[in-house]
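Written out below as structure tokens is the structure these notes cover.
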Amino acid sequence: MSTRLYPLTRAVPKPLVPVAGEPNSAHVMRYLHSFGIDEIAINVHYLADAIETCFGDGSAYGVKLHYLREAILMGSAGAIKPLESFFDETFVVVGCDDLTNAPLDRLVAFHRERKALATIGLVKANDVREYGVVVLDERGRIVEFQEKPAPGTERSHLVNTGIYVFEPAIFSRIPADTFYDFGKNVFPGLQADAAPFYGLAMPDAYWSDIGTPGEYRRATFDVLAGRMRLPGGRPGRGIAPDAVIDPSVRVEGDVLVGAGVRIGAGARIAGPCAIGEAAVVGAGATLERSIVWARATIGAGATLRDSIVGQDYAVPPHATLDGDVVANNPETVPA
């Protein structure tokens, strides 16, 4: 349900949360396709129709896309159990909120070299309070997990990215019609049975979980700055050819202006900023270090600093947002 991103995801499901003007799951599909993966299954539940309408059969991303509609949420592992027949060889599981350039080919090769049943991709983080920490032995075997350890108690700075490689035999450890989670159920079972369960540290990989406003900002600004290059050579910044920008507008720093955007006289856009397609920025408005989603309207003379404005939202003229996250709640918006 992506409640950590509320109110942004009250009307937009997490797979469609835009990073640099495109749904993050589009970046995930292009990422997977860049490693030769051409068949992808996505499980959908919340606002499922919007996801299927956006992605269709996946051909726009070079893949064949299959959908599993979860009528009842069954957990991260339970979600893939109905797809057991789809996975007849080594397969990968990636979260729709992962923005990454992790070397998937190296991860799969390591998994096969170790004859692993399950392998987790790991990255190093200085602050691990919000992550699952993984401890490895000298061969990369996972010997311990710590969930969100307090500062000073962490036994490792390697964190679980949620990028997994599995063998089909993993399904024997996931019961049918049962809420089951990889982190809470499957992985402890693998450890208890001393199963071949490994982790690979990927020191040069970029990874962000966009599932919180803070990480979402970081990921977007990293793309704008070029610290993370989007899969498929997609541009991370720039101004769309059909954007209508008054000559008096000042644009500074790393900025993305989407298709059909209109920016009025005297406005100032100070990057990092991303403005989604068909958004309108009124005359004299100021945007600093902010993200504006598609079709939003920023009223004349309004000021945004370190803020995120959701899809179709209207910021009133001369309003000031400072560190705010605002979006429409479909339960209160007239049809």
Side-chain angles (χ1 to χ4, degrees), residues 13-20 22-45 48 51-52 54-70 76-123 160-171 174 182 186 196-202 204-211 219 223 228-234 236:
K14 186 160 57 173
L16 301 187
V17 167
V19 174
E22 269 202 301
N24 194 66
S25 287
H27 302 316
V28 173
M29 285 189 280
R30 290 195 183 98
Y31 163 74
L32 293 170
H33 183 250
S34 73
F35 290 98
I37 293 173
D38 57 11
E39 284 209 57
I40 296 173
I42 178 171
N43 67 303
V44 294
H45 173 79
I51 298 169
E52 293 193 27
C54 180
F55 295 139
D57 63 3
S59 57
Y61 310 97
V63 302
K64 182 178 181 181
L65 194 55
H66 305 258
Y67 293 92
L68 168 67
R69 284 207 176 210
E70 283 192 275
S76 59
I80 71 167
K81 182 66 173 180
L83 293 166
E84 185 168 359
S85 63
F86 180 76
F87 298 111
D88 57 1
E89 58 184 328
T90 304
F91 67 97
V92 176
V93 173
V94 182
C96 71
D97 50 9
D98 289 328
L99 182 69
T100 187
N101 61 7
L104 197 56
D105 50 352
R106 281 174 40 205
L107 184 64
V108 171
F110 173 86
H111 170 88
R112 287 172 169 157
E113 287 166 4
R114 294 294 192 272
K115 295 181 171 57
L117 175 60
T119 302
I120 298 177
L122 309 171
V123 296
N160 178 3
T161 63
I163 302 171
Y164 306 139
V165 184
F166 293 119
E167 293 303 309
I170 198 69
F171 286 106
I174 305 172
F182 282 122
V186 176
F197 181 29
Y198 287 85
L200 176 67
M202 304 178 292
D204 299 324
Y206 179 92
W207 173 78
S208 176
D209 169 354
I210 67 161
V223 170
M228 166 61 189
R229 297 190 180 277
L230 294 174
R234 309 289 291 184

F86: which residues meet the ring-ring contact (aromatic ring centres under 6.0 Å, His included) condition with it, sequence neighbours left out?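 So F86 forms a ring-ring contact (aromatic ring centres under 6.0 Å, His included) with H66.
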
With sequence neighbours excluded, residues passing side chain to side chain donor-acceptor pair (under 3.5 Å) with [X]:
X	value
S34	none
Y67	none
T161	none
H45	none

Between [X] and [Y], is there a donor-acceptor pair closer than 3.5 Å when you use the side chain of the first and the backbone of the second?
X	Y	value
N24	C96	yes
Y31	L99	no
T119	G199	no

Taking all non-hydrogen atoms of both residues into account, name the closest pair between [X] and [Y] and its distance.
X	Y	result
E52	V44	OE2-CG2, 4.1 Å
I210	A219	CG2-CB, 3.8 Å
T100	M228	O-CE, 3.4 Å
A102	F35	O-CZ, 3.6 Å
S59	D57	OG-OD1, 2.7 Å
L65	F55	CD2-CB, 3.6 Å

K64 and I40: CA distance, side-chain angles, deciding distance, side chain to side chain contact (heavy atoms under 4.5 Å, CB included) verdict: CA-CA 6 Å; K64 182 178 181 181; I40 296 173; over 6 Å; no

Who are the salt bridge (charged side-chain N to carboxylate O under 4.0 Å, His left out) partners of D98, not counting sequence neighbours?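 D98 satisfies salt bridge (charged side-chain N to carboxylate O under 4.0 Å, His left out) with no other residue.
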
E39: salt bridge (charged side-chain N to carboxylate O under 4.0 Å, His left out) partners, not counting sequence neighbours: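 E39 satisfies salt bridge (charged side-chain N to carboxylate O under 4.0 Å, His left out) with no other residue.
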
Might you work through the side chain to side chain contact (heavy atoms under 4.5 Å, CB included) test for V186 and I174, ending with a clear yes or no? CA-CA 7 Å; V186 176; I174 305 172; 4.1 Å; yes

My understanding is that only residues two or more places apart in sequence, or in another chain, count here; which of them pass side chain to side chain contact (heavy atoms under 4.5 Å, CB included) with [X]?
X	result
F87	L83, F91, F171
L200	L107, F110, M202
A20	V223, L230, L256

What salt bridge (charged side-chain N to carboxylate O under 4.0 Å, His left out) pairs are there with at least one residue in residues 100-122, not counting sequence neighbours?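 Residue pairs with at least one partner in residues 100-122: there are none.
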
Going by salt bridge (charged side-chain N to carboxylate O under 4.0 Å, His left out), name the pairs with one or both residues in residues 23-38, residues two or more places apart or in two chains.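 For residues 23-38: E22-R30.
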
Would I80 and N43 count as a side chain to side chain contact (heavy atoms under 4.5 Å, CB included) if you check the C-alpha gap in whole Å, the side-chain angles of each, and the deciding distance to 0.1 Å? CA-CA 8 Å; I80 71 167; N43 67 303; 6.0 Å; no

Are the side chains of D97 and V17 in contact, using a 4.5 Å heavy-atom criterion?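 No, too far: nothing below the 4.5 Å cut-off.
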
Rounded to the nearest 0.5 Å, how far apart are [atom1] of [X] and [atom2] of [Y]?
X	Y	atom1	atom2	answer
I51	R69	CD1	CZ	8.5 Å
E84	I170	CD	CD1	11.0 Å
R229	R234	CZ	CZ	15.5 Å

Parallel, tilted or perpendicular: which fits the ring planes of F166 and F182, with parallel below 30° and perpendicular above 60°?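 The rings of F166 and F182 lie parallel, inter-plane angle below 30°.
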
Applying side chain to side chain contact (heavy atoms under 4.5 Å, CB included) to V94 and L104, what does each step give before you reach the verdict? CA-CA 11 Å; V94 182; L104 197 56; 5.5 Å; no

